[in-house]
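As structure tokens, the structure follows; a few thoughts come after it.
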Amino acid sequence: MNGGDRIARVLQSFGVKFLFTLCGGHISPVLKGAKDLGIRVVDVRHEATAVFAADAVSRITGIPGVAAVTAGPGATNTITAVKNAQLAQSPVVILGGAAATLLQGRGALQDIDQMALFKPHVKTARAVKRVRDLTPAIQEAMQAAQSGVPGPVFVECPVDLLYDEKVIREWYEAAAPRATGLSNRVMRAYLNRHVHRLFAGADAVESPAAEVATPAPSRRAIEHAAQRIASAERPLLIVGSQALVDAREATATAEAIESLGIPVYLSGMARGLMGSSHPLHRRHQRRKAIREADVVVLAGVPSDFRLDYGRHVRKSACLISANRSRIDLNRNRRPDIGAIADAGLFLRQLAAALGIDASARWEEWRTTLLARDSEREAEIDQMAERSGEFINPVSLLRAVDAQLPADSVIVADGGDFVGTASYILKPREPLCWLDPGVFGTLGCGAGFALGASLCRPDHEVWSVFGDGSVGYALAEFDTFVRHGVPVIAVVGNDGSWAQIAREQVKMLDDDVGTVLARSNYHLVAEGLGGHGILIKHRDQLEAGLQEARDAAGNGLPVLINTWLDKTDFREGSLSM
Ligand SMILES: Cc1ncc(C[n+]2csc(CCOP(=O)(O)OP(=O)(O)O)c2C)c(N)n1
């Protein structure tokens, strides 16, 4: 068994089903080892896509997704996606190839200081130096990614640890000087000893990895929170991605929220947790609701810019917060009751502590919020009616929402159009919405859609793009076709990087750098073997969307290029 096989065996023992990669000579044995063990090797067209896809797998399955990239440029190409995973607290494992141990720092091909590159962006970074350390290093990486505050980890695996000892021995022998003479004999002995050290103890018995514990709240925090909620008049619950870290507990967490009976706003991976139209789930006017609440429960949500740094919550209100991160728990505003714990587990224990079904509680408060939601929906309906030369984004997204099957997964990658989509598209189930999170990274869409589609092969995966953001995704239609991944991409083509243009034109009266052509993105998808659809007018919508679903049903990825009405930025935009 070579080093590549060893790595694959650990991945398999953790339940890893996919290895995302873009090949390189430094990592070939890892790919071969994975394939031999039945781990599906998914080769993409940019290393960032490999990490985004691994990130999606982590979020959807709760098992860290894994990407293997080659040394040097392969590794540097991942950094944006790694940073995104760090800020989204996604447990991703990145396996990096590296120059042979003895050549590092001597000007070998693609040999850079990868540890310095990764360290600021990952939970742990480890450079493995001996074959016998490969298994524990990968075990520790898989555990570190999931424990406490989840996040990416990096393991550097030099190429001379990955091949059979015989191959490496021959390789070092071939590199050694053949001539006689003392210095040459010393050099040969040195190389010999080095190979010996690389492989020493490689056959020792390896121990299985320990389970990763879910951080639990203290009983005191649960009792205290339960008491405070029981006496609340207008409690509000805000649930974020972190409550879904333990993806396998999603349904139990949704049941707990139902039993708590508190009106709830969902964000990030928590969207869809309560289905598309649960009576407790509120979608609009969140800021106003927070301002009015007398008890606010933040489940896996920090008081960052999205909550105006904690200022949305009234000073007199009781702030209850559960977060795996001590820093996020106390960020900007210290909660009155805080639990450093898994937010999903916190909610489940809180529901158990409050006991009996709470469906009759806070009737008036719930009705008030419901009425506001209905009002806002009516306004959105009116916006959908407005017509222009091409398609109004609101009406387009309303039509998409109407077609979405119950179990479809939605991926969001873009600016204004995607912002509008986040108001209008209603994920139907838990773990069916993927967006980049706080890093706001354009370019996550293709990788997310790839990972989601592989994890959920029976579900439709709809990826919503701006015409700007889709530029990062186009080459991956080749990946979708080769791997039979029938993603449906909806591109809101307004000939602009609109979210930026909107502010720039207002502030500087110049759209420089923000103008795009209404390009034929659908033809790119077709050229790569997918199915392309162009929709310019409202009356083509329903048929076009149905055509997309039919093509995806036949296993083809689809790109729907929809021409949106151009926003006059001096007049204000249609999006919300
Ligand atoms: C990697 C990256 N580069 C640049 C940005 C800045 N940015 C945020 S939104 C946006 C415009 C997005 O345009 P598009 O995808 O066409 O969507 P639209 O706003 O037009 O609907 C840009 C460039 C970013 N968030 N991420």
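Every number for a ligand or one of its atoms is a count from 1 in the order of the listing. The residues of the chain are indexed from 1 along the displayed sequence.
- With values rounded to the nearest 0.5 angstrom, Leu450 atom CG is found 6.0 Å from Phe480 atom CZ.
- Between Pro393, Gly415, Pro436, it is Gly415 that holds the heavy atom closest to atom 17 (O) of ligand 1.
- Using a 4.0 angstrom heavy-atom cutoff, Tyr472 counts as in contact with ligand 1.
- Looking from atom 21 (O) of ligand 1 to the surrounding protein, the closest heavy atom is Phe417 N, 2.8 Å.
- The closest non-hydrogen atom to atom 8 (C) of ligand 1, taken over Leu564, Ile500, Asp416, comes from Ile500.
- Here OG1 of Thr61 is found 9.5 Å from CZ of Arg456. Values are rounded to the nearest 0.5 Å.
- Atom 23 (C) of ligand 1 has its closest protein heavy atom at Trp497 CE3, 3.4 Å.
- Side-chain atoms of Ile533 and Val558, non-hydrogen and from C-beta on, do get closer than 4.5 Å to each other.
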Exercise for review: Give the C-alpha distance, both sets of side-chain angles, the deciding distance and a yes or no for side chain to side chain contact (heavy atoms under 4.5 Å, CB included) between Phe390 and Arg518.
Suggested key: CA-CA 12 Å; Phe390 298 111; Arg518 297 247 197 197; 3.8 Å; yes
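- Contacts of Ser496 with ligand 1, taken as heavy-atom pairs under 4.0 Å, involve the backbone alone.
- With respect to atom 5 (C) of ligand 1, the closest heavy atom belonging to the protein is Leu442 CD1, 3.8 Å.
- Contact check for Ile535 versus Ile560: side-chain heavy atoms found under the 4.5 Å cut-off.
- Looking at Phe439 against ligand 1, nothing comes within 4.0 Å, counting heavy atoms.
- Considering backbone and side-chain atoms together, Thr441 places no N or O closer than 3.5 Å to any N or O of ligand 1.
- With hydrogens and angles ignored, the 3.5 Å screen pairs a side-chain donor or acceptor of Asn84 with a backbone N or O of Pro436.
- With a heavy-atom cut-off of 4.0 Å, Val418 does not touch ligand 1 at all.
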Practice item. Give the C-alpha distance, both sets of side-chain angles, the deciding distance and a yes or no for side-chain hydrogen bond (donor to acceptor under 3.5 Å, both in side chains) between Glu547 and His531. Key: CA-CA 10 Å; Glu547 181 185 332; His531 188 77; 2.8 Å; yes
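- Distance check, rounded to the nearest 0.5 Å: CG of Leu22 to CD of Glu47 gives 4.5 Å.
- In terms of protein heavy-atom proximity, atom 14 (P) of ligand 1 is nearest to Gly468 N, 3.6 Å.
- Using a 4.5 Å heavy-atom threshold, the side chains of Val400 and Val464 count as separate.
- Looking only at heavy atoms of the protein, atom 15 (O) of ligand 1 is closest to Ser469 N, 2.9 Å.
- Annotation for ligand 1: atoms under 4.0 Å from non-hydrogen atoms of Gly466 are 14 (P), 15 (O), 16 (O), 17 (O).
- Checked by distance only, ligand 1 and Gly440 come closer than 3.5 Å through their nitrogen or oxygen atoms.
- A distance-only check finds a donor-acceptor pair linking the side chain of Ser241 to the backbone of Met269 [under 3.5 Å].
- No donor-acceptor pair under 3.5 Å is formed between the side chain of Gln89 and the backbone N or O of Val245.
- Here's the thing with Ala498: one of its N/O atoms is less than 3.5 angstrom from an N/O atom of ligand 1.
- Distances below 4.0 Å separate heavy atoms of Asp494 from the following atoms of ligand 1: 20 (O).
- Closest to atom 9 (S) of ligand 1 among all protein heavy atoms lies Gln499 OE1, 3.3 Å.
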